[in-house]
Amino acid sequence: MRPLAGPKVMNLKKYLDNEFERALTALGQADATAVVKQASKPEFGHYQANGIMGAAKKAKKNPRELAEQVAEYIREGKLKDLLELEIAGPGFINIRLNTAFLCRELENMTSDNRLGVTRFASEKILIDYSSPNLAKEMHIGHLRSTAIGDAAVRVLEFLGHEVIRANHVGDWGAQFGSLLAYMDKLESEGAQLATELKDLEIFYQSASSLFKSDEAFAARAREFVVKLQSGDKKCLGLWSRFIEESIRHCQAIYDLLDISLTPGDVKAESAYNDMLDPTLAELEEKGLITLSEGAKCVFLDEFIGKEGEPIPAIVQKSDGGYPYMATDIAAAKFRGQELGVDQALYFVDGRQSLHLNQLYAIARKAGFISAEQNFRHIPFGTILNKEGRPFKTRDGGAVKLADVADEAVTRALSLIGDKNPDLTEDEKQNIARIVGIGAIKYAELSKNRKTDYIFDWDTMLSFEGNTAPYLQYAYTRIRSIFRRADTTPEGINHPFALIEAAEISLALKLLQYPETLESVIEDYQANILCNYLFEVSQLFMSFYESCPVLKADEATRGARLRLCDLSARTLQHGLGLLGIKTVEQM
RNA sequence: GCGCCCGUAGCUCAACUGGAUAGAGCAUCGGCCUUCUAAGCCGAGGGUUGAAGGUUCGAGUCCUUCCGGGCGCGCCA
């Protein structure tokens, strides 16, 4: 099949939508939208234009007649050799792309190292994500913000944006009192702090149980809070040793999980301490502060509570201390004015939506954020336990993130031992890590971020069905074909040929990579990309079963090898954007 | 009480933002390894989309009310 000449289309859906919109305009329906979408069923072709019915209604025309006119217009235009149209139902236009057209697009995609994805105009976008509290060990709840935020970072960067990773870790506040008091106690008892801090989890627990059981210790802990805030030298020394160690622990988890955060992305709460006084003074100057019950509050009309009373946002406590609202306002000011971001996206648990909406409103009112700057909360649901109750960090029921990761790698390792005993120990270890970590990240990423979901070890660590290992497995099957063929993708010059239904379905799906990425960032839903990659894998698996590659005749073999290669590239790239690696064998 | 989020197959989730007969994966049942890795493939069963109204050519999706769940709502973060 000879590829058609023509311009690069890249985003099929957008391209078709534009063409149908032009047809509508030419037919006098300038304000109508074409609403071209991927076909909901294979019988309806590849795409469908749903906007004709709405347009006909506005123009008081018969929808099927208008559809006929639009179809006629398209059939006579530049697309005439590229597709077939069919009017269906009350006024749908079903679109079927010709295989010659698909082949041409496959050539374009293959020759593009961005797989057909064009760059957007670049904005400066800050992503606030992960942001663990250093007074506690990272638990399973942190995985959502961390994995989803990191995927958003990678996708936005790939689309050409300048992304600032912001790890707003909690390193300040009352909960550090007992930790510092405990450090002080250990030191006075002659213990080696360095060794004690090696296992932070034990350290956290000891400090916390002492706080509960020992009155005198609790009192000292409260003293340490005051000392810390007043800048006591010795206290600050203890504090920074603790913070350093704690950040090291977080970084180890990020590295293990293939999260792209580095120590350089940490900008902790305490980094804004010097900004708190002047920021508050500015709020006061602008008349936003009201003194209420001894605390400095901001009341805004948008936030009304019971019986119409305004809800306060406390920016300074009656004891003079600053709550996290103050820090967050200072951070917003820094991001808005110093960094000058176009957007700041906060990937934070949905339960904080009131707090964040208050924050944005205050920062806006104070002039810290301009009208053009988009500050937005990207919320997600809570992780529940098997009984459907939220995990509580206090009740000891929280699952440590490090434990989940270890268990995933262990399970993967034992499975690899069964499936592929010939691999070396090093290979097994490496594959186990990539597969196990991929599985738990994908378990988070593949769900709609807004809904609560139930944590279950077996679901999260499953390696079958719609999971990362399934996608990774599809990739290894392709790589295996190339190993057996003893050739590289670059060495093949045969043109694409789409004959079997499985080949056409797979090809079309691959060509939809660009439009998929665009819909991912419409509302930062990584699950759209997961779904897409799963569909690519499913279609590849079908193709793999029904279309032999290596045993086919020379031309078919070449064409299929190229389709395999494009599948592999798309899978590897898409998984990469999710922060999940691929392996050559598993 | 007020506000936000949610309710889809036994379970976990989709449904491209108003489109055609609501789809996958687990689990269950039945087939497929002398053929490129069976972490796979092919097939079957499984639904009053929490309930009732409304908007219109057309509703899981939009509006109202109700039921059920989660979370917020002055000095924790």
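Computed from heavy atoms alone, side chains included, the values below leave out hydrogens, waters and symmetry copies. Residue numbers start from 1 in every chain, and the chains themselves are labelled A, B, ... in the order their sequence lines are given, proteins ahead of strands.
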[X] side chain to [Y] side chain, donor-acceptor N/O pair below 3.5 angstrom:
X	Y	result
A:D553	A:T556	yes
A:Q585	A:T476	no
A:S519	A:E522	no

With rounding to the closest Å, how many angstrom separate the [atom1] atoms on [N] and [M]?
N	M	atom1	answer
B:A15	B:C73	P	30 Å
B:U61	B:G50	C1'	16 Å
B:C26	B:A44	P	16 Å
B:U56	B:C63	C1'	13 Å
B:G46	B:G10	P	11 Å
B:C13	B:G74	C1'	39 Å
B:A9	B:G72	C1'	33 Å
B:G53	B:C67	C1'	15 Å

Categorize [X] for me: base, sugar-phosphate, or nothing, with a 4.0 angstrom heavy-atom threshold over every strand shown.
X	answer
A:E269	sugar-phosphate
A:A88	base
A:S519	nothing
A:A174	nothing
A:D171	nothing
A:E43	nothing
A:F92	base
A:F44	base
A:E464	sugar-phosphate
A:L354	sugar-phosphate
A:E518	nothing
A:C530	nothing
A:P323	sugar-phosphate
A:I416	base

message: Using only atom types and a distance under 3.5 Å, with no angle test, would you say the side chain of A:R222 pairs donor to acceptor with the backbone of A:G177?
response: no

message: With nearest nucleotide decided by heavy atoms, which residue, A:S40 or A:Y544, maps closer to the 5′ end of RNA chain B?
response: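 The 5'-side residue here is A:S40.
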
- prompt: Where each residue is assigned the nucleotide of RNA chain B containing its nearest heavy atom, which of A:G54 and A:R483 is assigned the position nearer the 5′ end?
  reply: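 So the residue in question is A:G54.
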
- prompt: Taking only residues two or more places apart in sequence, or in another chain, which ones meet A:K296 in a side chain to side chain donor-acceptor pair (under 3.5 Å)?
  reply: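 A:K296 satisfies side chain to side chain donor-acceptor pair (under 3.5 Å) with A:Q316 once adjacent residues are dropped.
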
OP1 or OP2 of [N] sitting under 4.0 Å from any side-chain N/O of [X]?
X	N	answer
A:R484	B:U37	yes
A:K41	B:G19	no
A:K37	B:G19	yes
A:T327	B:A77	no
A:Q358	B:G72	no
A:S480	B:U37	yes
A:K57	B:C57	yes
A:Y442	B:U12	no
A:R560	B:C36	no

Consider the side chain of [X], meaning its heavy atoms from C-beta on, and name the nucleotide among [options] that approaches it most closely.
X	options	result
A:M53	B:G74, B:G19, B:C42	B:G19
A:M541	B:G40, B:C57, B:A77	B:G40
A:F299	B:G74, B:C13, B:U37	B:G74
A:Q525	B:U17, B:U37, B:C36	B:U17
A:S353	B:U17, B:G40, B:C4	B:C4
A:V549	B:G74, B:C36, B:C16	B:C36
A:P90	B:C75, B:G40, B:C57	B:C57
A:Q48	B:C6, B:G74, B:G19	B:G19
A:K13	B:C4, B:A38, B:C16	B:C16
A:K551	B:U35, B:A38, B:G19	B:U35

Tell me the interatomic distance from [X], atom [atom1], to [N], atom [atom2], rounded to whole angstroms.
X	N	atom1	atom2	value
A:I314	B:C75	CD1	P	6 Å
A:L291	B:G74	CG	P	17 Å
A:F380	B:C6	CZ	P	15 Å
A:R477	B:U37	CZ	P	8 Å

task: Give the dot-bracket string for RNA chain B, reading 5' to 3', where a pair is Watson-Crick or G-U wobble with both distances under 3.5 Å, ( ) marks pairs inside the strand, [ ] marks pairs crossing earlier ones, | marks a partner on another strand, and . marks unpaired.
output: (((((.(..((((.....[...)))).(((((.......))))).....(((((..]....)))))).)))))....

field: Syn/anti label of B:C33 as read from its glycosidic torsion, with the cut at 90° from 0
entry: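 Glycosidic conformation of B:C33: syn.
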
field: Anti or syn - B:U17, cut at 90° from 0
entry: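 B:U17: syn glycosidic orientation.
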
Is the closest basic N to carboxylate O distance between [X] and [Y] below 4.0 Å?
X	Y	answer
A:E444	A:R449	no
A:D523	A:K450	yes
A:E503	A:R560	yes
A:D458	A:R411	yes

query: In this structure, which one of A:Y322, A:W239, A:Y272, A:Y324 forms a ring pair (Phe, Tyr, Trp, His ring centres under 6.0 Å) with A:W172?
result: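 Result for ring pair (Phe, Tyr, Trp, His ring centres under 6.0 Å) with A:W172: A:W239.
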
A:W457 and A:F455 aromatic ring geometry - parallel, tilted or perpendicular at 30°/60° bounds: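 Perpendicular: the ring planes of A:F455 and A:W457 meet at over 60°.
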
field: Donor-acceptor pair (no angle test) under 3.5 Å: A:D328 side chain, B:A77 base
entry: no

- prompt: Does the ring centre of A:Y346 sit less than 6.0 Å away from the ring centre of A:Y360?
  reply: yes

